[in-house]
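First the structure, in the form of structure tokens, and then the observations on it.
First listed ligand is number 1; within each ligand, the first listed atom is number 1.
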Amino acid sequence: MAGKNNLSPVERIKKESRGLRGTLKESLKDELTGAIREDDQALIKFHGMYQQDDRDRREERASKKLEWLYSFMIRLRLPGGFMTPEQWIGLHHIAGEHTTGVIKITTRQTIQVHGILKSHIKPTLKSFNTLHLDSIAACGDVNRNVICSAHPKQSPIHAEIFDYAARISAMALPKTRAYYEIWLDEQPLKAEEKQKEEDPLYQDYYLPRKFKVAIAIPPNNDVDVFANDLGLIAIVENGRLAGFNVAVGGGLGTTHGNSQTYPRLATEIGFCEAGDVLLKLIYTIIGIQRDFGNRSDRKLARLKYTLDNMGVENFKAELGKRLGYSLKPSRAYRFTERKDYYGWQQNHEGKWYYTIFIENGRVLDDEETSLKTALFEVAQTGKANFRFTTNQNLILSDIDPRDKAIIDSILVRYGIIDYTRDAGAVRRNALACVALNTCPLALAEAQRYLPSLITKMERILEKYGLQEDEITVRMTGCPNGCARPYAAEIGFIGTSYGFYNLYLGGDRLGTRLNKLYKENLDEVAILKELDELLAVYSRKRKENETFGDFANHVWVNGK
Ligand code: SRM
Ligand code: SF4
């Protein structure tokens, strides 16, 4: 185990946790505080939850000599991002009863709900359980929600890919029954049943850090496959899924001022056939990260650092040794887009799909649309499934041709069709992370700020005739990269309240990272820069040249 002589504090917490139980039961019982014990704050992540507080109310609480307003965020495990209408109805009620009410679609194709008081965690998880939904391993040092290309119209092999997402997720679940015992009141296993918890993959120290898997179906790289620890690119030959190109070592998080940290796109290491052999391969790669990952410095613990420390060839050799064979060479494929297909689309089986634009994935009723009410009504018809995209949008899916008109009429009545159609090109391709007021790591706003910045940016785009240009703009409140800003054509990364670093030159397909262009810009400075950059781009770009490509050769490499 790398770094075993100087283990980070989280390593001790995991090891001593008795299968991720820690003192969570005791923490829950403590009515004197809305928080849980410190060690349990690390463990609760493995159960899909984070302790947070309302950062907007810190000063007010302090002035009243009250502790911070603690609450919990729950993130569901939804491989491939799918829910039935019944599950959406249940989620709608749970969100209303126990949370802030906002349903948040994340950049990893799942759902988060915020603002859950400690005493509401168990009822919330029990309600999710009755819907056959759980939050196991949605966070923590384990394999996270497995994402895959979202739209079934994309390819006849979509159903197979979706199935792989579910199988990978199930294979890499921790074996401990702690979630069921603590949150769902399951009886602890008897001594003679304890072997059911034996966990050859995670053992009792789990992974050094989170681990992320994505599956893309070319030509669309909607999942940003290279931003993952393990990216699988489906290879379709003669209309059949032949297997996957395997890419390892992607990850975006960095830390301001720590030059040892960096974003990295995954490196392709070969091809693997479809079937059980793929699952074995994934299991083995996770095992290598478990054994070689850095356990003393969590900032340097992701697979990307393990890979760079080992060297790609040594990593491949270790993989070959453990598998007993070497991967075949990668096969040909091409990404030509990275986007969601908005509006009505039909798949090869004649089923209909409507992709709704949801700004930053926030499902709520506000002055612009009654989106939450509309989706509830759609779910009540029972005639559409719900699929989430990694661009924080929602696909009403698998709609029978004879039911299309009913769904359409609901969407029309609530103005959703107009809202989706009228969203400008930059807005509908933009991403922002949660940031304030719940994210404890946020240095600046993101989802609460980007919409208004885009409105101002749209005026500039219009001035230069660029309003139809689908430039990808992504913003995060800190350098952790939750909205994948390093893989955008224009990335904004918060440095302090109201200030952002500006990154330029990523490509539109997610195959080239951007680079830092200007530091610590406030809104006035951002708009000035954008005005100058877009003016030059509109005048000097070659035909069909994207902003990212232009910026890359003029301002990033040409500097
Ligand atoms: Fe993230 C931590 C939100 C996708 C890299 N991320 C966090 C936390 C949990 C803050 C914390 O540790 O206390 C944020 C909770 C905010 C809140 O109040 O809800 C948070 N991350 C999110 C979400 C909800 C952003 C969104 O608006 O959609 C996404 C949830 C994904 C999911 O459903 O599982 C989310 N996070 C990502 C992505 C994008 C991706 O995976 O495609 C990344 C970059 C890719 C990567 O992992 O490298 C990402 N999040 C991080 C990191 C940096 C990790 C690193 O290697 O350095 C952190 C901080 C950490 O882990 O210490 C972090
Ligand atoms: Fe929070 Fe930073 Fe992630 Fe945004 S990028 S959600 S601010 S950790």
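Under the 6.0 Å distance and 45° angle rule, Arg209 does not count as a cation-pi partner of Tyr305.
Using a 4.0 Å cut-off between a side-chain N of Lys or Arg and a carboxylate O of Asp or Glu, Lys212 and Asp229 do not qualify as a salt bridge. Ionic pairing of Asp30 and Lys118 is not present here: no N-O contact between side-chain nitrogen and carboxylate oxygen is shorter than 4.0 angstrom. Residues Asp141 and Arg298 are paired through a salt bridge, judged by an N-O separation under 4.0 Å between the basic side chain and the carboxylate. No salt bridge links Lys372 with Asp365; every basic N to acidic carboxylate O contact stays at or beyond 4.0 Å.
Ligand 1 has no N or O atom lying under 3.5 Å from any N or O atom of Gly251, backbone or side chain. Close N/O approach between Gln112 and ligand 1 is found [any backbone or side-chain N/O within under 3.5 Å]. Taking any N or O of Arg144, backbone or side chain, none lies under 3.5 Å from an N or O belonging to ligand 1. On a distance-only criterion, Asn145 and ligand 1 share no N/O pair closer than 3.5 Å. Polar contact with ligand 1: absent for Thr110 (N/O pair, distance under 3.5 Å).
The ligand atoms of ligand 2 that sit less than 4.0 angstrom from a heavy atom of Thr476 are 5 (S). The contact set between ligand 2 and Ala442, taken as ligand atoms under 4.0 Å from a residue heavy atom, comprises 7 (S).
Of the protein's non-hydrogen atoms, Cys478 SG, 2.2 Å is the one closest to atom 2 (Fe) of ligand 2. Nearest protein neighbour of atom 3 (Fe) of ligand 2, counting heavy atoms only, is Cys482 SG, 2.3 Å. Looking only at protein heavy atoms, the nearest one to atom 1 (Fe) of ligand 2 is Cys439 SG, 2.2 Å.
Residue Gly481 places a heavy atom less than 4.0 Å from ligand 2.
Neither the backbone nor the side chain of Lys299 comes within 4.0 Å of ligand 1, counting heavy atoms alone. Residue contacts with ligand 1, taken as heavy atom pairs separated by less than 4.0 Å, involve Thr106 via backbone and side-chain atoms alike. Residue Arg209 touches ligand 1 through its side chain alone, judged by heavy-atom distances below 4.0 Å. Contacts with ligand 1 closer than 4.0 Å are made by backbone heavy atoms (N, CA, C, O) of Ala432 only, the side chain lying farther away. When non-hydrogen atoms are compared, ligand 1 lies under 4.0 Å from the side chain of Gln392 (C-beta onward) but not from its backbone. The side chain of Lys104, and not its backbone, has at least one atom closer than 4.0 Å to an atom of ligand 1 (non-hydrogen atoms only; side chain from C-beta on). Only side-chain heavy atoms of Gln52 come within less than 4.0 Å of ligand 1; its backbone N, CA, C and O stay farther off. For Leu441, every heavy-atom contact with ligand 1 shorter than 4.0 Å involves the side chain, none the backbone. Counting heavy atoms closer than 4.0 Å to ligand 1, residue Pro440 contributes side-chain atoms (C-beta onward) but none from N, CA, C or O.
Metal site remark for atom 1 (Fe) of ligand 1: Cys482 contributes an N, O or S atom at a distance under 2.8 Å. At least one N, O or S atom of Cys433, from either the backbone or the side chain, sits less than 2.8 Å from atom 4 (Fe) of ligand 2.
You'll find the ring centres of Phe386 and Phe388 outside the 6.0 Å limit.
Heavy-atom proximity to atom 52 (C) of ligand 1, evaluated over Lys210, Gln447, Met49, is greatest for Lys210.
Among Arg338, Lys339, Arg427, the single residue meeting the salt bridge (Lys or Arg N to Asp or Glu O under 4.0 Å) criterion with Glu470 is Lys339.
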